[in-house]
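Protein chains get the first letters and strands the later ones, always in sequence-line order, with residue 1 at the start of each.
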Amino acid sequence: MRDKDVRIGVYICHCGTNIAGIVDVEEVARYASSIPGVVVARHYTFMCSETGQNMIKDDIKNLKLNGVVVAACSPALHEVTFKNAVKEAGLNPYLFEMVNIREHCSWTHTDRRLATEKAKDLVRMAIAKVKELEPLEEVKAEVVNSVLVVGSGVAGLSAALTLARAGLTVYIIDKRPVLGGFVTRLVNIAPIGIRGREFVKPMIDELVEMPNVKVLTNAEVISVEGGVGNFKVRIRQRPTYISDLCTLCGYCEKACPIEVPNEYEGKLTMRKAIYLPFKEAYPPKYVIDENACTKCGKCIDACPVKAIDLSVKERYIDLNVGAIIIAVGHEPYEPDKGEFGYGLTRRVITSLQLERLLDEEGPTGGRFIIDGKVPKTIVFISCVGSLIGNKTTNACSRRCCSTITYDTLKILSKNPDSHIYILYRDIRTYGFEEELYWKALENGVVFVKFEEPPKVEVMGDKIMVYVREATINKNIVIPADLVVLFVGMTPSNAGEIVRIFKLSRTADGFIREAHLKLRPAETPTEGIFLAGAAAGPKGVMESVIHGAAAASKALALLLNKKYILREPLVAKVDEELCSGCLICVGMCPFNAISVKYVGERRVATVNPLLCMGCGTCAAACPSGAMEHNGFKDKQILAQVRAFAGVVV
Amino acid sequence: MSSEYEPKVLMFTCNWCSYAAADLAGTSRMKTPHNIRIVRVMCSGRVDPQFIMEAFAQGADGVIVSGCHPGDCHYMEGNYKALRRMLLLRKLLEQLGIEPERLRLEWISASEARKFVEITTDTVEKLRKLGPLKPRLDYVRKIMEEVVK
Amino acid sequence: MSPKVRVALYWLASCGGCEESQVDAISDKIDIISNLEIVFWPVAMDFKKEDVEKLPDESIDVAVINGGVRLKEHVEMVKLLRRKSKIVIAYGSCASWGGIPGLANLYDINEVLSRVYSEVPTLQEKGVMPRPKSVTNEGMEIELTEVLPMLLPLDAVIDVDYYIPGCPPTPETFLKALETLLSGNLPPRKSVIGASTRALCEECPLNKTKPDKVLIKEIRRIYNTKIDPSKCLLVQGIPCLGPVTRGGCNAKCPRVGSPCIGCYGPLDKHIDYGAKAISFIASILDLNDENEIKKALDNGIPDPAGLVHKFTLPASRLKVNLKRGEHK
C-alpha cells in the first residue's frame with residue numbers, strides 16, 4: 001500500500017490498569033496518530049469489551065479504515081476476538097495486526113518511560129507491517145464426517161461416546177487387545193470406591209452397540225497425511241489370532257504351557273500366554289500375548305469351537321477421517337530396581353500393586369496380606385516418579401493424594417491395628433476429596449512431611465525408612481513391614497505420537513495443548529484434538545470431562561458441515577518468479593509442495609490444505625518466489641525497518 | 001563504553017514456543033530488559049538471513065532468533081533449518097565485522113519463561129560490553145556521503 | 001534515416017572483460033554499429049576528459065559504464081558523464097554491485113595497499129606506496145588520483161538508469177539489452193535489462209536431473225571433488241549459486257560442469273544476495289547436529305563472503321567489513 005491510500009486505525013487498550021498503570025497509553029495513541037497513514041488512534045479501558053470492539057467497528061465503517069492495529073494483550077488471548085470484530089465491520093480480517101503491550105511490556109517492565117517507549121516502538125512496527133498486509137481469503141476444505149479416537153481409556157471412551165451419540169462415524173482404536181485403558185487396573189476410584197473396569201463397562205457396552213462405531217484393538221496409527229477435515233490415516237493392526245467364535249470356555253488357557261507375570265495383577269501373579277486380561281473385558285474373547293507365545297499350537301487343539309488361528313498376519317487399514325482425538329493416556333512410573341528399595345524385596349510395592357492387594361477379585365482375594373502375613377506398619381511414599389525419584393516429570397499426578405488417603409482408610413477397615421505413615425511433600429486432596437484427608441487424620445494415619453526424599457533400606461524382615469520431618473525438622477526412622485510407592489503418571493509413548501501426528505511436547509514430556517487454559521482440548525494442529533492424561537496427569541473425572549470437551553470441539557468442526565474454512569496463512573508461489581529450482585520441495589515436512597508445469601516451465605506449487613504455514617520454504621526460496629501469507633518478506637522487513645525508527 | 005549506551009535488540013520468536021515463553025514471563029511478572037523488540041513469526045524456520053542483515057544494517061546491536069527445542073518444533077524441523085542458516089550466517093557476519101555473538105540462536109520452550117528472561121538479560125549485558133554497532137555503520141555512511149559530495 | 005544514437009563508453013575499476021564482451025557482441029552484429037555514434041571510448045579511441053566537458057548537458061543518449069568506483073577520478077568522471085547523458089547504464093557486475101574488486105571491502109584500504117605494494121613479491125623496488133603528488137626525474141610535478149577508502153558500485157555515486165549484469169555480460173545479454181534500448185519501449189528505470197527475471201536454474205540443462213528433494217549431507221568444492229558434469233552440481237554437494245542468481249547467461253558455467261559463481265547477481269526481490277545464498281545453501285544441508293553442521297560448513301565453506309559475495313559485497317546491506325573503520 002502507498003501512504004496516500006493507507007487508512008489505519010490504531011487502538012491502545014488500558015486493560016484496566018494492567019497496561020495503563022505502566023504504559024502512558026495517551027502518549028502511545030498520540031504518537032501513533034502522528035505516523036503517516038494513521039487516520040485515527042484511540043485508547044480505551046478495555047478494547048476487548050463490546051464498547052471497545054464497537055469503537056473499532058464504527059471507525060472501520062465511518063472512517064473507511066483499511067488497516068487496524070490493536071495494542072493490547074497477547075494475540076494468544078484476543079487475536080481472534082479482534083479479527084472477528086474487524087470482519088464483522090466488513091474489513092478483511094487479515095488487514096489487522098495485534099501488538100502485545102501487556103505480557104511483553106507493561107507486565108514485565110517497571111520504568112514508565114522505558115515501557116512507553118517500547119510500546120511506541122512495537123506499535124510503530126505493527127503499523128509498518130499493516131501497511132504491507134494484503135487481504136486474504138480463507139481456504140475451503142471439504143470434510144469427512146468421521147472421527148478417529150486414538151486410545152480407549154476413560155478419556156477416549158468419553159470422547160467416542162459424545163461423538164457417536166451426535167451421529168458421527170467414530171473409529172476408536174487401542175494398541176492393547178482390550179478396551180478400557182489404564183483405569184481397568186484400578187480397584188478403587190477415589191472417592192467413589194468403584195472398580196475401574198466396572199466404571200468403564202457401561203461406557204463400552206453402550207459404545208460397541210452403536211452402528212456408527214467401529215472398534216479396532218491391537219491397533220496403532222503408523223502415519224497421518226492430509227489435514228483438517230480430511231486426514232488419511234494408516235493403521236497397523238497386529239493379529240489377535242482369536243476369532244469372535246470364542247466362548248470364553250478357558251480350555252486354551254489350561255492347555256497353554258507358557259507362564260509370564262500378569263501385568264493386570266501388578267505382576268504379583270502369573271498368567272498364561274493365552275489369557276483373558278480381566279473379567280468382562282471387551283472384546284469378549286481370549287487374547288494371545290505375542291511376545292510370550294511360542295506358537296506351539298496346544299491351544300488350537302484345546303479350543304472346542306476352532307476360534308484360534310495362529311497364522312493370521314498383521315493388517316493395514318486406511319481410514320479417512322475429518323478429525324482425530326488423541327487420548328493415548330499415560331503410563332504409571334515404573335521405579336528402577338533399588339529405587340526406594342523397589343525390587344529388592346516383595347514388601348516394597350507400587351500403588352498399582354496395592355490396588356490388586358485391596359481387590360476382592362485380586363490375588364489375595366481381598367485379604368490385605370503380603371507373603372502370607374498381615375503388614376502392621378505401612379509406609380506410603382508419595383510422588384515417586386513425579387516429584388521425587390530417579391526420573392521425574394515435575395508434574396503433580398493429581399489423583400494420587402486422594403487415592404492414598406482413600407487406600408489407607410480401606411486398609412484400616414480391613415486391619416484396624418495397622419500403623420500407617422504417609423510420607424509426602426505436599427498433600428493435594430483438592431475439592432471434596434479433602435474430606436478423605438480429614439478422615440485419614442481422624443483414623444490415626446500419620447502424615448510426615450519431607451523436603452529431602454526419604455531413604456529406604458531393606459534389613460531382613462524390616463524395611464527401614466529414614467526421613468527428615470520438615471515441620472519439626474527432626475530425623476525419623478520408621479521400621480516398616482510394607483512400603484508402598486505411590487507412582488506418578490509418565491507420558492505414554494508421547495515421543496512416537498508426537499512424531500506421527502506432528503505435535504509437540506511440554507517440558508514434562510506430555511503432549512502439548514494449543515493453549516493451556518483457553519484451548520486445553522486442542523492441539524496446535526487444526527483438526528487434531530487432545531483428551532485425557534496424554535496432555536498431562538488427570539484424574540478420572542477430569543479425563544471424562546476432557547474427552548467430552550475434545551469431542552465437542554470435533555463436533556463443532558464437523559457436524560453438519562460439507563466443508564470448512566482454513567486460515568489462509570499458508571505459503572504461495574509467485575509462478576512468474578519461480579525458476580523451478582526445487583529447493584522449497586525439500587524444505588516442506590508436510591509434503592505440501594509439488595511441481596507443476598506452466599507451459600514449458602516447471603514451477604513449484606503449494607497445496608494450501610496440506611501447508612501448515614511455517615514459512616520455512618519462503619526463507620529458503622532463493623528467488624523470493626515463495627511467499628508466506630501474512631508473513632511475507634516485505635511485511636517482516638517493514639517491521640524490521642520500523643524497529644530502527646524508519647517507517648516505510 | 002559510554003554508560004548511556006542502551007543496546008537495541010531485535011528478537012524473532014516462533015509463535016508456539018518462544019513467543020509463548022515471553023508471554024509467560026509477562027504473566028509471571030518476571031522482569032525482562034526493556035531493550036528487546038519481538039517480531040513474531042510462525043516458526044524460527046521462517047527467519048530469512050536477509051531479515052537479520054537488514055536488522056544490523058538498520059542499527060540493531062544484536063539479533064536473537066528463538067524457536068522450539070530441537071525435536072519439539074511445531075513444524076517438526078523448522079528449527080533445524082534455522083540452526084543451519086544461523087551457523088553459516090554467523091560466519092559471514094564475522095567476515096563483515098559483526099561479532100558472531102551479536103546473532104544468537106536460542107531454543108526457548110513455552111514453559112521456559114525463566115530462560116527467556118536469562119537469555120534476553122544476558123544478551124543485553126553482552127552487547128553492552130561489545131559496544132554499539134552504530135559508529136561502524138556511521139563510518140561507512142560518512143565515507144559514502146563524502147564520495148558523493 | 002533516424003539520427004544515430006550517441007553513445008559514451010567508459011571503464012572504472014575493471015579488468016577489460018566488459019570491453020571484450022562489447023566488442024564481441026558488436027562484431028557479431030556489425031550493422032548495429034551503423035546506428036551508433038561513439039562520442040567517448042577511451043579504451044579504444046583517443047578521447048580526453050575535455051572532449052566530454054565540451055559537450056552540452058544531456059547530449060549523450062547513453063553512457064555505458066563498467067567497473068566499480070575505486071578512485072577519486074572515477075567519481076569525477078561518472079558525475080560528468082551523468083550530467084552529459086540522458087541514460088546511464090551500469091555495465092557488468094563491477095559497475096552494478098562492485099564485482100570481484102569489491103571483495104577488497106573486506107579489508108581496510110591501508111591493508112589492501114600494503115598487500116599490493118609491499119607484501120606481494122615483485123622485481124621492482126618494494127614498499128613504494130602510491131603518492132598523491134610526486135616529482136619525476138625531469139623535475140615535473142605530477143598528481144596521481146587518490147584511492148577511495150572503499151569500492152562503491154556506480155549507483156552509490158550517481159543515478160543509474162539500467163543495469164546489464166554479468167562478469168562480463170555475455171554478448172547475447174548485451175545485444176538483448178541494446179535491442180531493448182533501441183526498441184523505444186523502455187522498461188521502468190532501475191531495471192536490469194538484457195537478462196532474465198528468474199534464476200539461472202530455469203535455463204540450466206542440469207536442472208532436470210534434480211530429484212524431488214534437493215538435500216545434501218556435505219558441502220564439497222570442485223577443487224577436491226570429482227564431479228559428474230551430467231548431473232545437477234548442487235545435488236552433488238557443490239554450492240552452485242544457480243538457484244539464487246539471475247539467469248540470462250544461458251547457464252554457461254553449469255553447462256560445462258562448473259558451478260555458477262553468481263556473476264549475474266541478485267534477482268529483483270533480493271535485499272541481500274549473499275544472505276539469501278546463505279539461506280538456501282544452509283537449508284539444503286540436511287544435518288541436525290550442531291557440531292556436524294559446523295564441521296560441514298567449515299570444510300565446505302571456509303570463506304562465506306568469497307562464495308556468496310564474490311560479485312556483490314559493495315551492494316550488500318553492510319557493504320564492507322564494518323570493523324575496518326576501527327583501524328583508524
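Residue I583(A) holds its CD1 atom at 8.0 Å from OG of S283(C), rounded to the nearest 0.5 Å.
The aromatic ring centres of Y163(C) and Y91(C) sit 6.0 Å or more apart.
Residues satisfying the salt bridge (charged side-chain N to carboxylate O under 4.0 Å, His left out) criterion with E179(C), sequence neighbours excluded, are absent altogether.
When the candidates I281(C), V214(C), N207(C), L267(C) are compared by the number of heavy-atom contacts under 4.5 Å with chain A, N207(C) comes out ahead. Ranked by heavy-atom pairs shorter than 4.5 Å toward chain A, the options H270(C), K213(C), K276(C), R198(C) are led by R198(C). By number of non-hydrogen pairs under 4.5 angstrom with chain C, the leading residue of R602(A), M587(A), R601(A) is R601(A). Residue with the most contacts toward chain A among C204(C), A277(C), C232(C), C201(C): C201(C) (heavy-atom pairs, distance under 4.5 Å). Chosen from S623(A), C578(A), P622(A), the residue pairing most often with chain C at heavy-atom distances under 4.5 Å is P622(A). In terms of heavy-atom pairs under 4.5 Å with chain A, the best-connected choice from K210(C), K208(C), E203(C), R246(C) is K210(C).
If you measure heavy-atom distances from P211(C) to chain A, the contacts under 4.5 Å come from the backbone alone. Using a 4.5 Å cut-off between heavy atoms, L234(C) contacts chain A through its side chain alone, with no backbone atom that close. Using a 4.5 Å cut-off between heavy atoms, E627(A) touches chain C through its side chain atoms alone. Residue C584(A) does not touch chain C at all, counting heavy-atom pairs closer than 4.5 Å.
In terms of heavy atoms, L186(C) sits closest to T180(C) at CD2-O, 4.3 Å.
Side chain of S96(C) to backbone of P165(C): no donor-acceptor contact under 3.5 angstrom is found.
With salt bridges taken as basic N to acidic carboxylate O contacts below 4.0 Å, none links D574(A) and K269(C).
K129(A) forms a cation-pi arrangement with F631(A), by the criterion of a distance under 6.0 Å to the ring centre and an angle within 45° of the ring axis.
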